[in-house]
K.L.:
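My questions all concern the structure below.
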Amino acid sequence: NAGVTQTPKFQVLKTGQSMTLQCAQDMNHEYMSWYRQDPGMGLRLIHYSVGAGITDQGEVPNGYNVSRSTTEDFPLRLLSAAPSQTSVYFCASSRTGTGGQAFFGQGTRLTVV
Amino acid sequence: QQPVQSPQAVILREGEDAVINCSSSKALYSVHWYRQKHGEAPVFLMILLKGGEQKGHEKISASFNEKKQQSSLYLTASQLSYSGTYFCGTDRALNFGNEKLTFGTGTRLTIIP
């Protein structure tokens, strides 16, 4: 059982480059989210989705785009990378209904130089 | 809007007890607790819903005082495996998933033999 799979695990980008962080889950969860984790800041919500075709902004959405064409996949796109986007990115999924836990992927460590 | 956790860090000897607090300035519907070991993904511990219930997970339990908008995580007879950073995640509405949690900045717990 793979759970939530994120790729790549590590990435170095130059300022201005674009890239897509991949996230896939095999638990048929309806809800998926992207968080970024910075030292001393905890986890901050970037974007989330409550089902295929439905996405919305979280706390820190600027500079990021998402789409949800299938239940399984929820990619995060960096449009024009900036050093301020250096962070560890986590994707999470959860099932319908209160009381459900969020399952996190192993994270992507992104460095923008 | 981000919940405040205290203490920021604590060091315990194996077998000692600890309390981690999570406080919000806004009314809460639920509080979620996660533990993250260094370099790994956050792992779900428990969820507490509006109603002031207390939950337990082995020697780890938690309470939720909705009137004070506070939750506390209790670790009794701590084990080396309890080391890590503990995060509370709060939700202000009855959402049907965990896609919009707001996380605190974390409490780093170190257990020494």
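Note that the coordinates shown come from a computational prediction; the quantities given were computed from them, not determined experimentally. The chains referred to below are lettered A, B, ... by the order of the sequence lines, with proteins before strands, and numbering in each begins at 1.
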K.L.:
Does one hydrophobic cluster hold both L80(B) and I60(B), with members joined at side-chain heavy-atom distances below 4.5 Å?
P.N.:
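Per the 4.5 Å side-chain linkage, L80(B) and I60(B) are co-clustered.
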K.L.:
Are Y31(A) and I54(A) connected in the hydrophobic side-chain network, where two residues link if heavy atoms are under 4.5 Å apart?
P.N.:
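Same cluster.
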K.L.:
Between F90(A) and Q36(B), is the side-chain contact (heavy atoms from CB on, under 4.5 Å) condition met? List the steps.
P.N.:
CA-CA 12 Å; F90(A) 286 100; Q36(B) 183 180 31; 3.4 Å; yes
K.L.:
Would you say that more than 12 heavy atoms from the other residues, nucleotides or ligands in this model lie under 6.0 Å from the CZ of R108(B), or not?
P.N.:
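Result for CZ/R108(B): open.
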K.L.:
Is it true that atom CD1 of I11(B) has more than 12 heavy atoms of other residues, nucleotides or ligands lying nearer than 6.0 Å?
P.N.:
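Atom CD1 in I11(B) is not crowded, with 12 or fewer foreign heavy atoms closer than 6.0 Å.
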K.L.:
Report, as yes or no, whether the 6.0 Å neighbourhood of atom NZ on K68(B) holds more than 12 heavy atoms from other residues, nucleotides or ligands.
P.N.:
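At most 12 heavy atoms, drawn from other residues, nucleotides or ligands, come within 6.0 Å of this atom.
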K.L.:
What pair of heavy atoms forms the shortest contact from L45(A) to L101(B), and how long is it?
P.N.:
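Looking at all heavy atoms of both residues, the closest pair is CB-O, 4.3 Å.
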K.L.:
OG1 of T102(B) to CZ of R44(A): how many Å apart, nearest 0.5 Å?
P.N.:
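So the OG1 of T102(B) and the CZ of R44(A) are separated by 12.0 Å.
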K.L.:
Determine, stepwise, if the pair Y34(B) / L43(A) fulfils side-chain contact (heavy atoms from CB on, under 4.5 Å).
P.N.:
CA-CA 11 Å; Y34(B) 286 80; L43(A) 292 150; over 6 Å; no
K.L.:
Hydrogens and angles aside, do Q2(B) and E59(A) bring a side-chain donor and acceptor to less than 3.5 Å of each other?
P.N.:
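No, because no side-chain N or O of Q2(B) sits under 3.5 Å from a partner of the opposite role on E59(A).
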K.L.:
Is Q6(A) close to chain B through its backbone or its side chain, or both, or neither, when contacts mean heavy atoms under 4.5 Å?
P.N.:
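For Q6(A), neither part sits under 4.5 Å from chain B.
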K.L.:
What are the two closest non-hydrogen atoms of A41(B) and G105(A), and how far apart are they?
P.N.:
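For A41(B) and G105(A), the tightest heavy-atom pair comes out as CB-O, 2.9 Å.
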K.L.:
For each of G104(B), P42(B), G106(B), G89(B), tally heavy-atom pairs with chain A at distances under 4.5 Å, and name the one with the top tally.
P.N.:
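Going by pairs under 4.5 Å, I would pick P42(B).
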K.L.:
So F104(A) and F44(B), ring pair (Phe, Tyr, Trp, His ring centres under 6.0 Å) or not? Walk me through it.
P.N.:
CA-CA 9 Å; F104(A) 284 82; F44(B) 176 80; over 10 Å; no
K.L.:
Looking at every heavy atom in both F87(B) and G42(A), which two are closest together, and how far apart are they?
P.N.:
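Scanning both residues completely, I find the closest heavy atoms to be CE2-CA, 3.7 Å.
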K.L.:
Where does Q8(B) contact chain A at under 4.5 Å (heavy atoms): side chain, backbone, both or neither?
P.N.:
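Nothing of Q8(B), per the 4.5 Å heavy-atom cut-off to chain A.
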